[in-house]
Colleague: 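Pasting a structure below so you can have a look.
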Amino acid sequence: MKSNGVNRTLQAARTQELIYELKVQQAMTTKVITVEPENTMEDLRQILKLHQLSGTPVMNEGDLVGIVSVEDLIRSLLEGNGSEPVKQRMSANFVTLYADEPLVHAVQKFERHGFGRFPVIDRKTKELVGILTKGDIIRCMLQRLEIDFHEQEIRRYKPSDWFAELESDRTTLGLRYLIQGRNFQRAGEASSKLKQNLRTLGIAPEAVRRITIASYEAEMNLVIFTGGGELSAFVEPGKVTITVVDHGPGIPDIERAMQPGYSTAPDWVRELGFGAGMGLPNIKNCSNELKLDSKVGEGTNLQFTVFT
Amino acid sequence: MTLREIIETLQAKVVLDNHDERMVVERARASDLMSDVLTRVNPGALLLTGLTTPQSIYTAEMADVTVVCYVRGKRPQEETLRLAEERGLVLLSTDLPMYESCGRLYKKGLKGGTET
Ligand SMILES: Nc1ncnc2c1ncn2[C@@H]1O[C@H](COP(=O)(O)OP(=O)(O)OP(=O)(O)O)[C@@H](O)[C@H]1O
Ligand SMILES: [Mg+2]
C-alpha cells in the first residue's frame with residue numbers, strides 16, 4: 001500500500017539539507033528600511049506602521065549602530081515618551097549575520113539570542129545589506145521545498161478567482177457534453193469530465209458532488225431511455241445550472257416519473273445496475289431548483305440549478 | 001473502521017491498492033442498483049456491490065466514494081479496472097454474498113450511509 005510516511009520523511013531530510021545549503025543572503029529581505037538615532041520614537045511608530053515592520057536597524061551616517069523593535073516602541077509609548085530619540089531605546093549590542101553564512105547559523109542564533117530579527121552585513125565591506133526574520137527563513141525554505149507552496153499558488157490563482165474578476169454584468173462559463181444513447185461503456189463519462197472541470201474551477205467539493213450526482217442520473221436516463229442528447233453546464237458566480245436535452249420518447253406522466261421507485265426500466269437495465277426509480281428523485285434532492293418539460297414523441301428537457 | 005479491518009472482516013482480495021490500509025472508513029452503502037446507492041452515500045464511504053461495470057466506478061466517483069468492494073466473488077471488468085486506477089480508488093473483491101458481507105461489517109460497527 002502506498003504511504004505518505006515515506007514522503008514526509010523525505011521532506012524532513014530535504015529540510016535538513018537545505019538549511020545547510022542555503023545562505024543567509026538567499027532568504028534575507030534586501031530592501032531594508034532604516035531609522036536614524038535622532039529620529040523620535042513617534043517617527044519610528046509611523047515608519048513601522050507604514051512598512052508593516054516589527055523592527056528596524058538604526059543607521060548613523062552609513063554605520064549600523066543599533067536595532068530597534070516594536071517592543072522597544074511599546075515600552076516607550078507606555079511611558080509616554082513618544083518624543084524621545086530612538087538612540088535612547090535601541091539595543092546597541094545587537095548580533096549580526098554575514099550574508100554568506102549558511103542559514104543553519106541564523107537558526108542557531110535565533111535560538112540562542114531570542115531576537116526577532118538580525119541585520120545582515122557583508123563580510124568584507126561590513127555594510128548593511130539586508131535583514132533576516134524567522135518568517136524570511138520559513139518563506140525561503142517553503143519555496144525551495146515547494147511543499148504546499150504549489151498548492152498555495154493554485155489556491156491563490158484558482159480559475160474561479162479570475163472568473164470572478166472578469167468584468168461583466170453576468171459572467172457565464174458554458175461547458176457542453178454529448179451523450180450517446182445505449183452506450184454503457186461510456187455512460188458516466190460526461191459527468192466525470194464535468195466533475196473534473198468544476199473542481200478545477202474551484203467550486204466547493206460538496207456542491208460539485210451534488211451537481212455531478214444529479215448530472216450523472218440525468219446522463220444515465222439519456223443513455224437508457226433515449227438515443228442520446230446533450231448535457232450543458234452553465235457556471236456563474238454562486239450557482240451552476242445544468243440543462244439536459246434529448247429527442248427521445250418523452251415522459252407521459254412527469255408527476256409519476258418523479259415518484260421515488262417509479263421506473264419503466266426493463267430487466268436488462270436492472271442487470272446493468274439501473275432502474276430503481278430513484279434517478280429523478282435524486283436529482284430533485286441534490287438541486288435547489290428543478291424544471292422538467294417533456295412531450296411524448298418529441299423529447300425531454302431537464303434543467304436544474306445547484307447553488308454553490 | 002480501518003481499511004485493513006474491512007479487508008480482514010470480508011476476507012477480501014485487494015484488486016487495486018491505492019491507499020494506506022490504516023485509512024479509516026466510517027460508512028458503507030450496499031446495493032446493486034446505482035441510483036439506490038446515490039440516495040444515501042457519504043464521501044469517503046465503502047461501496048459494496050455486485051455490479052462490475054464501469055458505472056460502479058462512475059457512481060463511486062460522483063459520490064466521492066473511495067473504496068469499492070465487489071461481492072459474490074466478482075471481479076471488475078477491464079474498463080472498470082482502468083477507470084478505477086485512473087481515479088485512485090481502492091478495489092476489493094470478496095467471495096461472500098452481499099447479505100453476509102453487510103452483516104459482518106455492521107456487527108463490527110461500520111455504519112450505513114446517510115442522506116446525500
Ligand atoms: N430522458 C427521459 N426520456 C424518457 N423517459 C424518461 C427519461 N428520464 C426518465 N424517464 C422515465 O422516468 C422514469 C423514472 O426515471 P428515474 O431516473 O427516476 O428512474 P429510472 O431511470 O427508471 O431508475 P434509476 O434512475 O433509479 O436507475 C424512468 O423509468 C423512465 O420511464
Ligand atoms: Mg434514472
Side-chain angles (χ1 to χ4, degrees), chain A residues 1-8 183-196 198-199 204-221 223-224 260-263 265 268-287 306, chain B residues 2-4 7 14 16-23 29-45 47 49-65 67-68 70 74 77-80 82-90 92 113-116:
Chain A
M1 298 252 155
K2 281 180 199 162
S3 163
N4 289 326
V6 178
N7 229 329
R8 245 177 265 133
N183 187 345
F184 271 83
Q185 273 301 302
R186 303 187 58 184
E189 208 181 276
S191 298
S192 176
K193 284 183 189 153
L194 174 65
K195 184 154 191 158
Q196 283 159 35
L198 294 177
R199 281 233 175 104
E206 189 46 43
V208 173
R209 188 171 125 86
R210 282 189 289 132
I211 294 161
T212 55
I213 286 178
S215 81
Y216 178 59
E217 291 287 12
E219 179 176 0
M220 289 312 303
N221 281 353
V223 174
I224 296 165
Y262 176 80
S263 176
W268 67 267
V269 168
R270 220 149 286 144
E271 269 154 41
L272 289 172
F274 292 85
M278 290 311 296
L280 290 171
N282 280 347
I283 295 171
K284 188 161 184 260
N285 271 340
C286 287
S287 57
V306 175
Chain B
T2 64
L3 181 54
R4 174 97 293 246
I7 293 166
V14 178
L16 210 57
D17 68 346
N18 275 314
H19 284 275
D20 194 310
E21 291 190 3
R22 287 164 301 186
M23 175 176 79
R29 182 78 181 144
S31 181
D32 288 350
L33 294 177
M34 297 299 105
S35 305
D36 184 30
V37 169
L38 290 171
T39 44
R40 295 174 82 85
V41 63
N42 306 76
L47 168 60
T49 186
L51 187 77
T52 58
T53 64
Q55 282 71 49
S56 63
I57 302 305
Y58 284 126
T59 303
E61 181 185 11
M62 302 316 149
D64 300 317
V65 158
V67 188
V68 179
Y70 298 106
K74 294 207 171 189
Q77 297 172 8
E78 212 172 293
E79 173 70 358
T80 308
R82 190 187 67 79
L83 289 172
E85 210 163 333
E86 226 174 61
R87 286 155 183 76
L89 300 184
V90 176
L92 309 176
T114 53
E115 216 154 313
T116 302

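Every chain is numbered from 1, with letters handed out A, B, ... down the list of sequences. The shown structure was predicted, so the numbers you read here are calculated from the model rather than taken from an experiment. Every heavy atom of this structure was used, including side-chain atoms; hydrogens, water molecules and symmetry mates were not.
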Colleague: Taking it one step at a time, do A:S192 and B:Y58 satisfy side-chain hydrogen bond (donor to acceptor under 3.5 Å, both in side chains)?
Modeller: CA-CA 7 Å; A:S192 176; B:Y58 284 126; 5.6 Å; no

Colleague: Can you tell which part of A:Q185 gets under 4.5 Å to a heavy atom of chain B, answering side chain, backbone, both or neither?
Modeller: both

Colleague: How long is the straight-line distance from CG of A:L272 back to CG of B:D32, given to the nearest 0.5 Å?
Modeller: 11.5 Å

Colleague: Let me know if B:T53 has heavy atoms under 4.5 Å from chain A in its side chain, its backbone, both or neither.
Modeller: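 Side chain of B:T53 only, per the 4.5 Å heavy-atom cut-off to chain A.
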
Colleague: Under 4.5 Å from any heavy atom of chain A, what part of B:T59 do you find: side chain, backbone, both or neither?
Modeller: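 Both backbone and side chain of B:T59 come within 4.5 Å of chain A.
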
Colleague: Going from CE on B:M62 to CD1 on A:I213, what distance comes out if it is rounded to the nearest 0.5 angstrom?
Modeller: 9.0 Å

Colleague: With a 4.5 Å heavy-atom cut-off, do A:M220 and B:M34 have their side chains touching?
Modeller: no

Colleague: For B:D64, is it the side chain, the backbone, both or neither that has a heavy atom under 4.5 Å from a heavy atom of chain A?
Modeller: both

Colleague: Determine the minimum heavy-atom distance between A:A187 and B:Q55, stating which atoms define it.
Modeller: O-NE2, 2.7 Å

Colleague: Hey, mind stepping through A:R270 and B:D36 against salt bridge (Lys or Arg N to Asp or Glu O under 4.0 Å) and telling me if it holds?
Modeller: CA-CA 12 Å; A:R270 220 149 286 144; B:D36 184 30; over 6 Å; no

Colleague: Quick check: do A:F274 and B:S35 have side-chain heavy atoms less than 4.5 Å from each other?
Modeller: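 They are in contact (side-chain heavy atoms under 4.5 Å apart), so the answer is yes.
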
Colleague: Which bit of B:L38 comes within less than 4.5 Å of chain A, counting heavy atoms only: side chain, backbone, both or neither?
Modeller: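 Both parts, backbone and side chain.
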
